[in-house]
Amino acid sequence: MYEHLLVKTDGDTVRITMNRPARRNSLTYEHLAELVDAFRAAGSSSATGVVLAGEGPVFSAGHDFRDVASRDLMGVRDLLGLCTSLMQTIQSIPQVVIARVHGLATAAGCQLVASCDLAVAASSAGFALPGGKGGWFCHTPAVPVARSIGRKRLMEMVLTGDVVDAATALEWGLVNQVVPDEDLDAAVDALLARATRGSRASKAMGKQTVYAQLDRPEADAYAIALEVMASASQLPGAREGMAAFLEKRKPAWPD
């Protein structure tokens with residue numbers, strides 16, 4: 001179905017693997033369009049989780065400069081607009097999305113990691129926003145990275161362009177776990193299993209509300225969270241969860 005992706009449904013999990021290893025999974029317009037389509041399809045499915053991975057020696061090297069260099073201003077705007085749409089789609093679908101990171105994740109590849117809900121990295125992984133040491137600054141990749149690691153650490157990444165190793169990425173909050181390379185798949189699956197348990201409807205609403213209130217003033221964030229949490233109390237899953245707790249039994253989730 002796709003030229004640049006491998007997509008597999010594995011039980012309740014959709015596994016989306018970028019499959020341009022010869023080009024280090026760099027992101028052309030066509031590759032980005034396929035990713036948007038695959039995530040939208042996963043979002044409308046009955047899956048509870050999505051794993052994003054990369055085939056070959058690296059996770060993703062970011063935008064494909066051959067594609068970028070061939071475009072005029074309007075063309076580059078279209079390319080970056082599609083990339084932004086992908087990042088927003090990842091955060092808007094109801095499923096939990098985990099990045100499975102091995103090798104390098106640079107520029108828009110690092111942006112992908114930061115845009116996923118969770119990320120597990122192999123100890124060999126590295127992360128960089130290299131535009132700062134070149135000629136095309138990493139403006140859009142910096143947006144989700146800043147929301148993961150904070151201002152000073154972001155400025156170090158975007159200004160130096162240096163590669164941050166997996167252990168540092170974990171300390172800074174860019175990834176959730178770092179494991180030996182041979183344990184990467186098992187760690188991804190274990191985290192996904194923990195992150196997808198419970199009511200599907202409750203978790204979907206919860207994910208979308210968290211992103212809606214992030215970076216808003218505290219009063220606005222509380223106003224959003226209060227109304228959604230009150231409404232969510234009437235969901236069948238919420239009712240069943242509370243009843244199971246009060247009756248000291250395991251819940252039987254209706255969704």
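- Scanning for salt bridge (Lys or Arg N to Asp or Glu O under 4.0 Å) contacts around Arg151 gives an empty result, with sequence neighbours left out.
- The number of heavy-atom neighbours closer than 6.0 Å to OH of Tyr211, taken from other residues, nucleotides and ligands shown, is above 12.
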Under 3.5 Å, which donor-acceptor pairs do the side chains of residues 42-51 form with other protein atoms, sequence neighbours left out?
residue : atom : partner : partner atom : Å
Ser44   : OG   : Arg40   : O            : 3.4
Ser44   : OG   : Ala41   : O            : 3.1
Ser45   : OG   : Ala42   : O            : 2.6
Ser45   : OG   : Ala47   : N            : 3.2
Thr48   : OG1  : Asp12   : O            : 3.4

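- Side-chain contact between Val164 and Glu156: absent, with no pair of heavy atoms (C-beta onward) separated by less than 4.5 Å.
- In terms of heavy atoms, Pro130 sits closest to Ala107 at CD-N, 3.6 Å.
- Considering CD1 of Ile90 and CD of Gln95, their distance stands at 12.5 Å, rounded to 0.5 Å.
- Legend: salt bridge (charged side-chain N to carboxylate O under 4.0 Å, His left out) pairs involving residues 89-110, not counting sequence neighbours, sorted by first then second residue: Arg100-Asp185.
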Determine all donor-acceptor pairs shorter than 3.5 Å in which one atom belongs to a side chain in residues 131-148; sequence neighbours excluded.
residue : atom : partner : partner atom : Å
Arg147  : NE   : Asp215  : OD2          : 3.1
Arg147  : NH1  : Val143  : O            : 3.0
Ser148  : OG   : Pro144  : O            : 3.3

Can I get a per-line list of side-chain donor-acceptor pairs under 3.5 Å for residues 3-10, giving both atom names and the distance, sequence neighbours left out?
residue : atom : partner : partner atom : Å
Asp10   : OD2  : Arg15   : NE           : 3.2
Asp10   : OD2  : Arg15   : NH2          : 3.3

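- Within the 3.5 Å criterion, the main-chain N or O of Ala61 finds a donor-acceptor partner in the side chain of Thr106.
- Looking only at side-chain heavy atoms (C-beta outward), Leu191 and Ile98 come within less than 4.5 Å of each other.
- Of all heavy-atom pairs between Cys110 and Leu129, the closest is CB-CD2, 4.0 Å.
- Contacts of Lys203 classified as salt bridge (Lys or Arg N to Asp or Glu O under 4.0 Å), with partners at least two apart in sequence or in another chain: none.
- Residues satisfying the salt bridge (Lys or Arg N to Asp or Glu O under 4.0 Å) criterion with Asp72, sequence neighbours excluded, are absent altogether.
- Side chain of Asn25 to main chain of Phe59: a donor-acceptor pair is present (N/O by atom type, distance under 3.5 Å, no hydrogens or angles).
- In Arg24, the CZ atom is not crowded: 12 or fewer heavy atoms of neighbouring residues, nucleotides or ligands sit closer than 6.0 Å.
- Leu170 CG to Phe127 CZ: the interatomic distance, rounded to the nearest 0.5 Å, is 9.5 Å.
- Looking at Asp117, its side chain does come within 3.5 Å of a backbone N or O of Val97 through a donor-acceptor pair.
- Between the side chain of Asp181 and the backbone N or O of Ser124 there is at least one donor-acceptor pair closer than 3.5 Å.
- Here the closest heavy-atom approach between residue Ser199 and residue Gly237 is recorded as OG-CA, 3.9 Å.
- The backbone N or O of Gly81 sits nowhere less than 3.5 Å from a side-chain atom of Ser85 that would complete a donor-acceptor pair.
- At a threshold of 4.5 Å between non-hydrogen side-chain atoms, the residues His31 and Asp67 do not count as touching.
- Using a 4.5 Å cut-off on side-chain heavy atoms (C-beta onward), Thr28 and Arg23 make no contact.
- Under the 4.5 Å side-chain heavy-atom criterion for ILVMFWY residues, a single connected hydrophobic cluster contains both Val36 and Leu27.
- How far CG of Leu82 is from CD of Glu30: 9.5 Å, rounded to the nearest 0.5 Å.
- Distance CD1/Ile149 to CG/Leu174: 6.5 Å, rounded to 0.5 Å.
- Glu218 pairs by the salt bridge (Lys or Arg N to Asp or Glu O under 4.0 Å) definition with nothing, not counting sequence neighbours.
- Panel note: side chain Lys207, backbone Val96; no donor-acceptor pair is recorded below 3.5 Å.
- Checked by atom type and distance alone, the side chain of Arg197 pairs as donor or acceptor with a backbone atom of Arg194 at under 3.5 Å.
- Met18 and Tyr2 fall within a single hydrophobic cluster, where Ile, Leu, Val, Met, Phe, Trp and Tyr side chains are chained together by heavy-atom contacts under 4.5 Å.
- Among residue pairs with one or both ends in residues 73-92, none qualify as salt bridge (charged side-chain N to carboxylate O under 4.0 Å, His left out); sequence neighbours excluded.
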If you look only at distance, which donor and acceptor atoms sit under 3.5 Å apart when one is on a side chain in residues 240-247 and the other is two or more places apart or in another chain?
residue : atom : partner : partner atom : Å
Glu240  : OE1  : Arg249  : NH2          : 3.2
Glu240  : OE2  : Arg249  : NH1          : 2.7
Glu240  : OE2  : Arg249  : NH2          : 3.4
Glu240  : OE2  : Ala252  : N            : 2.8
Glu247  : OE1  : Arg249  : NE           : 2.6
Glu247  : OE1  : Arg249  : NH2          : 3.3

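- A single hydrophobic cluster is not seen to contain both Val188 and Ile16; linkage of ILVMFWY side chains at heavy-atom distances under 4.5 Å, directly or through other members, places them apart.
- Proximity of Leu35 to Thr89: side-chain heavy atoms (C-beta onward) are nowhere separated by under 4.5 Å.
- No side-chain heavy atom of Thr209 sits under 4.5 Å from any side-chain heavy atom of Met229.
- Minimum interatomic distance between Ser115 and Met87 (heavy atoms only, all atoms of both residues): OG-SD, 3.4 Å.
- The minimum heavy-atom distance linking Cys116 with Leu52 is given by the pair SG-CD2, 4.2 Å.
- Tracing side-chain contacts under 4.5 Å through hydrophobic residues (I, L, V, M, F, W, Y), one never reaches Leu214 starting from Val228; they form parts of separate clusters.
- Pairs engaging residues 88-120 under the ring pair (Phe, Tyr, Trp, His ring centres under 6.0 Å) rule: none recorded [sequence neighbours left out].
- Val178 and Val120 are not part of a single hydrophobic cluster, where members link through side-chain heavy atoms under 4.5 Å apart.
- One finds the CZ atom of Phe39 at 11.0 Å from the CD atom of Gln91 (value rounded to the nearest 0.5 Å).
- The minimum heavy-atom distance linking Leu112 with Leu86 is given by the pair CD2-CD2, 3.8 Å.
- In terms of the side-chain hydrogen bond (donor to acceptor under 3.5 Å, both in side chains) criterion, residue partners of Ser26 (sequence neighbours excluded) are, by chain and number, Arg20, Asp64.
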